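Proteins come first, then strands; the chains are lettered A, B, ... in the order of their sequence lines, and each starts at number 1. Note that the structure is predicted; figures quoted are calculated from it, not measured.
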Number of protein chains: 2
Amino acid sequence: MAQKNDPYKFKKVISIGIVSELTGLSPRQIRYYEERKLIFPERSKGIRKYSFADVERLMEIADKREEGVTTREIRNEMTKEVREKMLKGQMNAHFHFRS
Amino acid sequence: MAQKNDPYKFKKVISIGIVSELTGLSPRQIRYYEERKLIFPERSKGIRKYSFADVERLMEIADKREEGVTTREIRNEMTKEVREKMLKGQMNAHFHFRS
DNA sequence: CGTGTAAGGAATTCTGACACG
DNA sequence: CGTGTAAGGAATTCTGACACG
């Protein structure tokens, strides 16, 4: 596992303009990737707030897009990863019970 | 030393409204503490940007203010700490040379 | 000294839409 | 499909000032 007890990485506090600066993506692109369910900012009075984790995710997305991967495919890879992680979780729970 | 290789703690990316929510301080108070040189946000097109370190610092300031410590005194404690750290740095460098 | 507030302006963000492809 | 743009409105932030104390 990467880093989970990172106290700042997951707090949604960054507005879209700054995210745009950090990632090099346009606000339009960032909003579109949300529409395609690749990222999930929170809202503070209607205004989108992102975490550093979101910023890193967006940079990964940007890389894949440059390689020609469609948002649809990125989305699919994502759900696949989640599925695998859930399986692992199941297995861990299983072995835990058995031991 | 606390945490120095924290990749997110020191990036100035949070706007004053969010800092206000995180700390419970009013924007007015936050700007005033800057005027008194207790914090040093960066600016992105005139708009203040704070780091998580700044947020923590502001919470310390808030605690001291509640105890009745003046901004002047907080400022003095600060410069004193810096002075001590510089001394330590000197000593470390010194011993380093000698060993 | 430390903080609230009203004032006017500038910069940000939001959404829905049209465009191109 | 993915992204740019102009449009109109709403929310944010900024500064300097007056107030109270």
Can you list everything that forms a side-chain hydrogen bond (donor to acceptor under 3.5 Å, both in side chains) with [X]? Sequence neighbours excluded, please.
X       : result
A:Glu73 : A:Thr70
A:Arg48 : A:Glu34
A:Ser20 : none

* Structure fact -> Expected string for nucleotides 12-17 of chain C under the B/S/- scheme (protein heavy atoms, under 4.0 Å, primed atoms plus P, OP1, OP2 as sugar-phosphate) is SSSB-B
Residues in side chain to side chain contact (heavy atoms under 4.5 Å, CB included) with [X], at least two apart?
X       : value
B:Ile47 : B:Lys49
B:Pro7  : none
A:Glu21 : A:Ile18, B:Ser44
A:Tyr32 : A:Arg28, A:Glu35, A:Arg36, A:Thr71

* **Contact list for DNA chain D against residues 66-75 of chain A - heavy-atom distance below 4.0 Å** => A:Thr70, A:Thr71
* Treating a pair as Watson-Crick (purine N1 to pyrimidine N3 plus N6-O4 or O6-N4) or G-U wobble (N1-O2 and O6-N3) with both distances under 3.5 Å, list the stems of 3 or more consecutive pairs that involve DNA chain D. => C:2-5 with D:17-20, C:17-20 with D:2-5
Would you indicate whether the side-chain heavy atoms of [Y] and [X] approach each other to under 4.5 Å?
X       : Y       : value
A:Lys11 : A:Ser51 : no
B:Ile39 : B:Ile61 : yes
A:Ile74 : A:Arg65 : yes
B:Tyr50 : B:Arg57 : no

* salt bridge (charged side-chain N to carboxylate O under 4.0 Å, His left out) contacts in which one or both residues fall within residues 77-88 of chain B, not counting sequence neighbours -> B:Lys64-B:Glu77
* Asked: Taking DNA chain C as the partner, which of residues 32-40 of chain B come within under 4.0 angstrom of it by heavy atom?
  -> B:Tyr32, B:Tyr33, B:Arg36
